[in-house]
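See structure below.
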Amino acid sequence: MDSKDGAHNENVDELLGSDEVEKSKIGIMRARVEREDPSAKDVDNLMLRRFLRARELDIDKASNMFLKYLNWRLTFVPNGFISESEITKNIEHNKLFMQGRDKLGRPIFLAYAARHFRTNVVEFKRYVVYILDKIISRMSSGQEKFIALADVEGWGYTNSDIRGSLAALSILQDYYPERLGKMFIINAPYIFMTMWKVIYPFIDSKTKKKIVFVEKKTQLSTLLEDIDESQLPEVLGGKLELVPIQEA
């Protein structure tokens, strides 16, 4: 399952906060989804809240979205996790690294877009799930979001993968809602914007607000607003060494 949600735990109600409207809607949603799919009992209220928030607290839309997620997870990740043997080509490109935490305690990952090349879209989808599950497994109790650093320096048409990019976006938005805290896109060449214009219309409004294009001249100061120097990769002016995601 997405995250360490697993079975209910005694800290969940405390983490939900004091919003009585949300709590009431979570209760109604839980009854509805458990009636449709008994496996919904295995997730906690924090997960249901993320789906609710992704659909502006609309119980019907959130319930449908969540039930679709359960079915997808069962069919696409039948073993409960993606093994590295299923994503060897993507791992070989060494394009993604786990990296510290921001000032709010959200785990950070750094992706090198120029190291990505078009590959089998099913394997790439598995790679995206592997990445997200890996990031979520590193979240501390009460933390639900992560920070993404996307370095696009050197990106060219050989790296352009519209199908893969849209597939990754769909997985993030449809099956891991309210997980992205912020994404910084750095060192973006002009040529990258041609692909970005194709993808942009498919990004939902909530996600769009979390994406920040960082200017080269203010890159370090912009990143340091959210990430302490001790938690920033050395390659971006910080003090942490890069750790490949498969080794994190």
Side-chain angles (χ1 to χ4, degrees), residues 1-77 80-81 101-102 104-109 125 128-129 131-148 166-183 200-212 226:
M1 286 289 180
D2 162 21
S3 89
K4 297 175 282 188
D5 288 337
H8 308 295
N9 62 69
E10 59 186 10
N11 296 319
V12 169
D13 286 338
E14 180 181 344
L15 296 172
L16 285 172
S18 58
D19 191 320
E20 295 303 324
V21 173
E22 276 194 344
K23 287 183 178 180
S24 175
K25 291 194 173 190
I26 289 170
I28 296 170
M29 179 178 171
R30 175 170 292 285
R32 183 171 301 182
V33 296
E34 287 185 3
R35 186 169 60 248
E36 294 289 331
D37 188 336
S39 71
K41 295 178 180 178
D42 294 331
V43 304
D44 67 21
N45 288 338
L46 292 175
M47 175 180 264
L48 296 185
R49 183 177 69 175
R50 289 194 294 275
F51 280 82
L52 265 174
R53 287 180 173 179
R55 290 297 177 263
E56 306 295 343
L57 301 187
D58 184 306
I59 295 172
D60 289 336
K61 291 181 179 179
S63 296
N64 290 336
M65 182 186 188
F66 178 71
L67 290 168
K68 181 182 176 182
Y69 159 78
L70 289 180
N71 182 65
W72 165 81
R73 187 82 190 187
L74 180 64
T75 55
F76 195 73
V77 196
F81 65 94
R101 300 178 185 278
D102 78 343
L104 297 178
R106 299 175 292 190
I108 302 166
F109 78 81
K125 287 180 180 180
V128 172
V129 173
I131 290 168
L132 292 170
D133 286 351
K134 190 88 167 183
I135 294 167
I136 291 166
S137 72
R138 288 172 55 91
M139 290 181 178
S140 55
S141 177
Q143 186 54 258
E144 299 183 77
K145 298 180 185 292
F146 64 83
I147 296 295
L166 291 177
L169 180 63
S170 176
I171 289 172
L172 176 66
Q173 294 182 161
D174 297 339
Y175 305 130
Y176 293 80
E178 295 299 300
R179 282 302 196 181
L180 177 65
K182 187 179 285 189
M183 173 181 282
Y200 190 76
F202 295 93
I203 305 174
D204 66 36
S205 57
K206 283 179 171 286
T207 304
K208 285 176 179 175
K209 294 176 183 178
K210 300 173 184 177
I211 299 173
V212 179
D226 288 83

Practice task
Quickly, which of Leu172, Leu166, Ile211 forms a side-chain contact (heavy atoms from CB on, under 4.5 Å) with Ile203? Name it, please.
Solution key: Ile211
Exercise for the section: Please step through side chain to side chain contact (heavy atoms under 4.5 Å, CB included) for the pair Lys208 and Lys206, ending with a clear verdict. Expected result: CA-CA 6 Å; Lys208 285 176 179 175; Lys206 283 179 171 286; over 6 Å; no
Practice task
Identify the two heavy atoms, one from Phe51 and one from Ala62, that lie closest to each other, and give their separation to 0.1 Å.
Solution key: O-CB, 3.6 Å
Practice task
Kindly say whether Asp60 contributes a backbone atom to a donor-acceptor pair with the side chain of Ser63 at under 3.5 angstrom?
Solution key: no
Problem - Audit row: Leu132, Arg179, side chain to side chain contact (heavy atoms under 4.5 Å, CB included) steps and yes/no - result: CA-CA 9 Å; Leu132 292 170; Arg179 282 302 196 181; 5.9 Å; no
Exercise for the section: Go through the steps to decide whether Leu48 and Lys25 satisfy the test side chain to side chain contact (heavy atoms under 4.5 Å, CB included), and finish with yes or no. Expected result: CA-CA 10 Å; Leu48 296 185; Lys25 291 194 173 190; over 6 Å; no
Handout entry: Glu56/Lys61 ion pair, N-O < 4.0 Å
Key = no
Exercise for the section: Specify whether Tyr176 and Trp72 have parallel, tilted or perpendicular ring planes, treating 30° as the upper limit for parallel and 60° as the lower limit for perpendicular. Expected result: perpendicular
Problem - Phe76 CZ: over 12 foreign heavy atoms closer than 6.0 Å - result: yes
Handout entry: Gln173 side-chain N/O to Tyr175 backbone N/O, donor-acceptor pair under 3.5 Å
Key = no
Practice task
Could you pull out the closest heavy-atom pair between Ser140 and Arg101, with the gap in Å?
Solution key: N-NH1, 4.2 Å
Handout entry: Asp204/Thr207 under side-chain hydrogen bond (donor to acceptor under 3.5 Å, both in side chains): CA gap, chis, key distance, verdict
Key = CA-CA 5 Å; Asp204 66 36; Thr207 304; 2.7 Å; yes
Exercise for the section: Under the side chain to side chain contact (heavy atoms under 4.5 Å, CB included) rule, what do Asp226 and Ile147 come out as? Steps first, then yes or no, please. Expected result: CA-CA 10 Å; Asp226 288 83; Ile147 296 295; 5.7 Å; no
Fill in the blank from the handout: What one should report as the nearest heavy-atom pair of Arg106 and Gly181 is NH1-CA, 3.7 Å
Practice task
Search all heavy atoms of Ala40 against all heavy atoms of Glu34 and return the closest pair with its distance.
Solution key: CB-CG, 3.9 Å
Exercise for the section: Starting at CZ of Phe66, measure out to CG of Asp174 and round the result to the nearest 0.5 Å. Expected result: 14.5 Å
Handout entry: Interatomic distance, Ser39 atom OG to Asn71 atom CG [nearest 0.5 angstrom]
Key = 9.5 Å
Exercise for the section: Using side-chain contact (heavy atoms from CB on, under 4.5 Å) as the criterion, point out the one residue from Glu22, Arg30, Met29 that pairs with Asn45. Expected result: Arg30
Exercise for the section: Applying side-chain contact (heavy atoms from CB on, under 4.5 Å), name anything that partners Leu67, two or more places apart in sequence or on another chain. Expected result: Val33, Glu36, Asp37, Leu70
Exercise for the section: Find out whether Phe146 and Leu180 are in side-chain contact, i.e. whether some heavy atom of one side chain is under 4.5 Å from a heavy atom of the other. Expected result: yes
Problem - Salt bridge present between Arg73 and Asp133 (N-O < 4.0 angstrom) - result: yes
Handout entry: Heavy-atom check, side chain of Arg50 versus side chain of Met47, under 4.5 Å
Key = yes
Exercise for the section: State, yes or no, whether a side-chain contact exists between Gln143 and Pro107 at a heavy-atom distance under 4.5 Å. Expected result: yes
Practice task
Without swapping roles, check the side chain of Glu178 against the backbone of Leu52 for a donor-acceptor pair under 3.5 Å.
Solution key: no
